[in-house]
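Next up is a structure, given as structure tokens.
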Amino acid sequence: MPQTRLPSEVTGTVWKIEVREGDVVTEEQTLLVLESMKMEIPVTAPRAGTVLQLLVNEGDSVAEGQDVAVIE
């Protein structure tokens, strides 16, 4: 299965990571939650797969378009 890189849709802070590398996820499952302007924005899996890599940690600042995770 091809790898899919998941970008941040907003500039903000990684508020909570809900999965670990190696976890099997379902389509639309929340992988992590970003906080921007006091709003919580979930980053969800576009398809079922396995989390290969988390590219951020809780508390990290991210820019819009920055990759935050990779699933396969």
Reference residue Val19; test side-chain contact (heavy atoms from CB on, under 4.5 Å); the match among Leu32, Val24, Thr50, Leu54 |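 Of the listed residues Leu32, Val24, Thr50, Leu54, the side-chain contact (heavy atoms from CB on, under 4.5 Å) partner of Val19 is Leu54.
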Using a 4.5 Å cut-off on heavy atoms from C-beta on, say whether the side chain of Val62 contacts that of Val56.
->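 Yes; the side chains approach each other to less than 4.5 Å.
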Below 4.5 Å, heavy atoms only, C-beta onward: do Val33 and Glu18 meet side chain to side chain?
->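 Yes, their side chains come closer than 4.5 Å.
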Give the minimum heavy-atom separation between Leu6 and Pro46, together with the two atoms involved.
->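 For Leu6 and Pro46, the tightest heavy-atom pair comes out as CD2-CD, 3.3 Å.
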Do Glu58 and Trp15 have side-chain heavy atoms sitting under 4.5 Å apart?
->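 Not touching, per the 4.5 Å side-chain cut-off.
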Please round to the nearest 0.5 Å and tell me the distance separating atom CD of Glu27 and atom CD1 of Ile71.
->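 The CD atom of Glu27 sits 9.5 Å away from the CD1 atom of Ile71.
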Within-4.5 Å side-chain heavy-atom neighbours: Arg5 and Val68 |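 They are not in side-chain contact.
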Qualifying residues under side-chain contact (heavy atoms from CB on, under 4.5 Å), relative to Pro7, sequence neighbours excluded |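 Partners of Pro7 under the side-chain contact (heavy atoms from CB on, under 4.5 Å) test: Asp67.
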Which residues pass the salt bridge (charged side-chain N to carboxylate O under 4.0 Å, His left out) test with Arg47, sequence neighbours left out?
->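 Not a single residue meets the salt bridge (charged side-chain N to carboxylate O under 4.0 Å, His left out) criterion with Arg47.
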Would you say the side-chain atoms of Thr11 pair up with the backbone N or O of Glu64, donor to acceptor, closer than 3.5 Å?
->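 It does hold such a pair.
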Say you draw a straight line from CD of Glu35 to NZ of Lys16; how long is it, rounded to the nearest 0.5 Å?
->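 It is 14.5 Å, given to the nearest 0.5 Å.
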Compare every heavy atom of Leu34 with every heavy atom of Val10, then report the nearest pair and how far apart it is.
->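 Residues Val10 and Leu34, closest heavy atoms: CG2-CD1, 4.1 Å.
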Side-chain contact test, heavy atoms from C-beta onward, threshold under 4.5 Å: evaluate it for Gln3 versus Leu52 and give yes or no.
->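 Side-chain contact under 4.5 Å: yes.
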Looking only at heavy atoms, which two atoms of Ala45 and Leu31 are closest? And how far apart?
->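 Answer, listing the atom of Ala45 first, then Leu31: N-CG, 4.1 Å.
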Taking all non-hydrogen atoms of both residues into account, name the closest pair between Gln53 and Leu55 and its distance.
->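 Here Gln53 and Leu55 meet closest at CD-CD2, 3.3 Å.
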Looking at residues at least two apart in the chain, or sitting in another chain, which of them share a side-chain contact (heavy atoms from CB on, under 4.5 Å) with Glu9?
->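 Not a single residue meets the side-chain contact (heavy atoms from CB on, under 4.5 Å) criterion with Glu9.
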Could you check if a side-chain atom of Ser8 sits within less than 4.5 angstrom of a side-chain atom of Val43, using non-hydrogen atoms only?
->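 With C-beta onward as the side chain, the pair stays apart.
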